[in-house]
Amino acid sequence: MTLRTLDALGSLAGKRVIVRCDLNVPLEGTKITDDGRVRASIPTLNALINQGAKVIVISHLGRPDGAPDAKYSLAPVAQRLSELLGQPVTFAQDTVGGGAQTAVDGLKDGDVALLENLRFNPGETAKDEGERRAFAEKLAAFGDAFVSDGFGVVHRKQASVYELAQLLPSAAGTLIQAELEVLDRLTENPERPYAVVLGGSKVSDKLGVIGHLLPKVNSLLIGGGMLFTFLAAKGLKVGSSLLEADQIDTVKGYLAKAEELGVELALPRDVVVASKFGADAEHVVRPVDAIEDTDWGEKGLGLDIGPETAELFSEYVRGAKTVFWNGPMGVFELAPFAAGTKAVAQALTEVDGLSVVGGGDSAAAVRALGFRDDQFGHISTGGGASLEFLEGKRLPGLEVLGWQQ
Ligand SMILES: Nc1ncnc2c1ncn2[C@@H]1O[C@H](COP(=O)(O)OP(=O)(O)O)[C@@H](O)[C@H]1O
Ligand SMILES: O=C(OP(=O)(O)O)[C@H](O)COP(=O)(O)O
């Protein structure tokens, strides 16, 4: 079976259509610092509005703990969505309660409502299938059809991604379709050399993909928060840097596997060590075997790759014909730790072939650092989702829409 797309749903005029978007944007207080994911959701929403559907948008934001938490409210996103659509967006203060019901009941053909953060409800991310299903049933009661368009979340078996799609006539939106078209080019005979660059802070999520990615690539470059688990696996001390101590043995296995396969697994040679996490931290560049050799000793933490590593990684990237990059090389949000990410982004713009940047923060990083979207082959809205797609994993949010890899 192939992916069900919007036409599979027939005419949606006058119907209540629930659209699962990934509007998980970076925020500073209530200010959206990168609206890329909101923009990416517009084509599908416009297609539904133009058909005269009553559009009910749902999304998560961040990782709240299954209960309302004002700092993860989607209210600022409703405002931006309204500006980009050029029409009012009714914001419901809850997800499946009276507020949501009133918002849905008030919709006329072509109107749009956004419900509050799905993850304010424990059922959304519950491990127990029955709990997820019970929450999905409450959501399903609002709609006549379901459109899944949150590509960034298709790797999650969560109520609004998986169970909801089973409860209503469902199909993928145009963002998911567009993402898959590009990612297919990376999985089917990518032009070689093929390099993958990994970084970011969702270390435990992303370490898991490496085993399956290794046989598919020519080189794998490791920066960002995950590099420290690799350094620890090589017996080096990493101070107070991000570390997944329970993954060290797994990572040792990856180092051995890379050698066996002849894949270049490039690790940093130097890092920027900071006195603390903050823009006003003191910081110095240190070789990777001297991270604790600063005034701050074990308290020092690595917040960026160093200049020698940035140059090394840039050479790998520029020499590749296909490059996929997920995860900033450092804490790019703080100016003293943005140089590694900027260097790698610059190298991606110089690739003579296909360059793809994936991930909410990675996309935000390249834009914040002054690059334009058209300097890259593609900017994907999903980091973890595209990585799991590239490793060949079956993604629940796609399978439930009929997709088979
Ligand atoms: N050395 C590091 N220590 C702590 N956080 C880091 C480090 N390097 C990068 N990060 C953080 O990683 C975050 C992005 O990670 P992640 O969510 O995995 O990326 P994406 O959203 O692109 O998939 C950024 O907020 C960045 O500050
Ligand atoms: O930001 C996201 O993914 P990404 O950081 O891998 O790009 C998605 O919104 C998924 O969020 P989650 O990783 O909290 O499930």
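Both counts, for ligands and for their atoms, begin at 1 and track the order of listing.
- Note: no N/O pair closer than 3.5 Å links L242 and ligand 1 by distance alone.
- For ligand 2, the atoms sitting less than 4.0 Å from at least one non-hydrogen atom of G359 are 7 (O), numbered in the order shown with element in parentheses.
- Heavy atoms of L227 found under 4.0 angstrom from ligand 1: none, in either backbone or side chain.
- For ligand 1 and N326, the ligand atoms under 4.0 Å from any heavy atom of the residue are 20 (P), 22 (O), 23 (O).
- At a heavy-atom cutoff of 4.0 Å, ligand 2 is contacted by the side chain of R119 but not by its backbone.
- Close contacts between ligand 2 and H60 involve ligand atoms 8 (C), 9 (O), 10 (C), 11 (O) [criterion: under 4.0 Å to a heavy atom].
- Just one of R119, H60, R20, R132 meets the side chain to side chain donor-acceptor pair (under 3.5 Å) condition when paired with S160; it is R20.
- Of the N and O atoms on the side chains of T322 and E191, not one donor lies less than 3.5 Å from an acceptor on the other residue.
- Atoms OG1 and CG, from T90 and L115 in turn, are 10.0 Å apart once rounded to the nearest 0.5 Å.
- Listed by number with element, the atoms of ligand 1 under 4.0 angstrom from any heavy atom of F228 are 1 (N).
- Looking at residues two or more places apart in sequence or on another chain, you find a ring-ring contact (aromatic ring centres under 6.0 Å, His included) between F337 and H283.
- N326 places a side-chain N or O within 3.5 Å of a backbone atom of G358 that can act as its donor or acceptor partner.
- By heavy-atom distance, the residue among K206, M329, K202, E333 lying nearest atom 24 (C) of ligand 1 is E333.
- Nearest protein heavy-atom contact of atom 4 (P) of ligand 2 is K202 NZ, 3.5 Å.
- Here is the list of ligand 2 atoms found below 4.0 Å of a heavy atom in G152: 8 (C), 10 (C).
- Looking only at protein heavy atoms, the nearest one to atom 15 (O) of ligand 1 is S201 N, 2.9 Å.
- A donor-acceptor distance shorter than 3.5 angstrom exists from the side chain of S41 to the backbone of V38, with no hydrogens or angles considered.
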Query - Worked verdict on S73 versus E116 for side-chain hydrogen bond (donor to acceptor under 3.5 Å, both in side chains) - result: CA-CA 7 Å; S73 172; E116 184 54 288; 2.8 Å; yes
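- In summary, D270 and R286 do not engage in a salt bridge, as defined by a charged side-chain N under 4.0 Å from a carboxylate O.
- The ligand atoms of ligand 2 that sit less than 4.0 angstrom from a heavy atom of G360 are 7 (O).
- The single protein non-hydrogen atom nearest to atom 7 (C) of ligand 1 is G225 N, 3.6 Å, given as residue, atom name and distance.
- The nearest protein atom to atom 6 (O) of ligand 2, hydrogens excluded, is given as G384 N, 2.7 Å; this is a heavy-atom distance.
- Looking from atom 1 (N) of ligand 1 to the surrounding protein, the closest heavy atom is G302 O, 3.1 Å.
- Q346 and S314 form no side-chain donor-acceptor contact under 3.5 Å, judged by distance and modelled atom types alone.
- Looking only at distances, no side-chain donor or acceptor of D111 sits under 3.5 Å from a matching main-chain atom of K54.
- Residue F337 places no heavy atom under 4.0 Å from ligand 1.
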Report task. Test H212 against E388 for side-chain hydrogen bond (donor to acceptor under 3.5 Å, both in side chains), laying out the working first. Result -> CA-CA 9 Å; H212 291 108; E388 291 195 19; over 6 Å; no
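- Listed by number with element, the atoms of ligand 2 under 4.0 angstrom from any heavy atom of R156 are 12 (P), 13 (O), 15 (O).
- Near G383, the atoms of ligand 2 lying under 4.0 angstrom from a non-hydrogen atom of the residue are 4 (P), 6 (O), 7 (O).
- Of the protein's non-hydrogen atoms, G330 O, 3.2 Å is the one closest to atom 9 (C) of ligand 1.
- Residue-ligand proximity, G224 to ligand 1, at heavy-atom distances under 4.0 Å covers atoms 1 (N), 8 (N).
- Residue, atom and distance of the protein heavy atom nearest to atom 22 (O) of ligand 1 are S362 OG, 2.5 Å.
- For ligand 2 and N24, the ligand atoms under 4.0 Å from any heavy atom of the residue are 1 (O), 2 (C), 8 (C), 9 (O), 11 (O).
- Heavy atoms of Q158 found under 4.0 angstrom from ligand 2: none, in either backbone or side chain.
- Nearest-heavy-atom check against atom 4 (C) of ligand 1 across I305, V331, D304 picks out V331.
- Close to ligand 2: D22, with a non-hydrogen atom less than 4.0 angstrom away.
- The shortest heavy-atom contact between E298 and S240 is O-OG, 2.7 Å.
- Using a 4.0 Å cut-off to heavy atoms of R63, the atoms of ligand 2 that qualify are 12 (P), 13 (O), 14 (O).
- A donor-acceptor distance shorter than 3.5 angstrom exists from the side chain of S275 to the backbone of E282, with no hydrogens or angles considered.
- The salt bridge (Lys or Arg N to Asp or Glu O under 4.0 Å) search around E311 returns R318, not counting sequence neighbours.
- The protein atom (non-hydrogen) at minimum distance from atom 17 (O) of ligand 1 is D361 OD2, 3.2 Å.
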